[in-house]
Amino acid sequence: MGKWLLKSEPTTWSWADQIREVTTKWDGVRNYQARNHMKKMNLGDLCFFYHSGIKEPAIVGIVTIIKTYEPDPVDPSFGHVTVEVCETLAFPVTLKAIKMEPSLENLPLIKQSRLSVMPVTESEWATLLTMGSKE
DNA sequence: GCCAACGTTGGC
DNA sequence: GCCAACGTTGGC
């Protein structure tokens with residue numbers, strides 16, 4: 001099962017919005033690399049939900065893929081997956097904390113800060129999950 | 001608000 | 001196909 005990380009600016013789409021609406025089409029991605037990652041997502045894959053563009057950027061929750069990639073009828077070069085709320089992390093995992101963890105230095109979040117959809121390895125996932133379950 | 005990183009566009 | 005100009009993202 002695949003593991004991923006999705007970025008969102010809270011002013012555009014926040015975790016509170018996600019909780020309220022439960023399911024969402026993850027659209028608006030206009031970057032080929034990010035789109036290619038979305039195309040590789042399978043049903044049941046889990047994604048960290050990351051808040052960017054704020055004072056304390058952080059992973060705040062987890063969503064799951066309930067519908068795989070579909071092209072946008074208007075602009076078929078791009079498209080969306082559909083996600084559903086899975087869980088809220090007990091403690092947000094801040095970018096600051098991620099940067100302090102040596103085993104996470106290869107996360108694209110660090111090296112390729114502009115990428116909005118990225119893969120996460122199983123071990124990175126486990127590390128982040130642990131960080132999100134305790135203070 | 002600034003700036004670095006980097007993807008995209010368009011002229012040649 | 002190269003590369004300069006430009007636009008966007010996102011951390012600080």
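Just so we're clear, the structure is a prediction, and the values are computed from it rather than from any experiment. The chains referred to below are lettered A, B, ... by the order of the sequence lines, with proteins before strands, and numbering in each begins at 1.
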A:E124 and A:T121: side chain donor to acceptor below 3.5 Å: yes
Measure from the side-chain N and O atoms of A:K7 to the backbone N and O of A:L115, and report whether any donor-acceptor pair falls under 3.5 Å. yes
For a side chain to side chain contact (heavy atoms under 4.5 Å, CB included) check, start with the C-alpha distance between A:I59 and A:H51, then their side-chain angles and the critical distance, and finish with the verdict. CA-CA 6 Å; A:I59 297 169; A:H51 270 166; over 6 Å; no
For residues 82-97 of chain A, run the donor-acceptor check on the side chains, cut-off 3.5 Å, and write out each pair with its distance to 0.1 Å, sequence neighbours left out.
residue : atom : partner : partner atom : Å
A:T88   : OG1  : A:W15   : NE1          : 3.1
A:T94   : OG1  : A:A97   : N            : 3.0

Reading nucleotides 6-12 of chain C 5' to 3', which nucleotides get B (base under 4.0 Å from a protein heavy atom), which S (sugar-phosphate only), which -? -BBBSSS
Per the side chain to side chain donor-acceptor pair (under 3.5 Å) rule, what does the pair list look like for residues 25-35 of chain A, sequence neighbours excluded? A:Q33-A:Q112
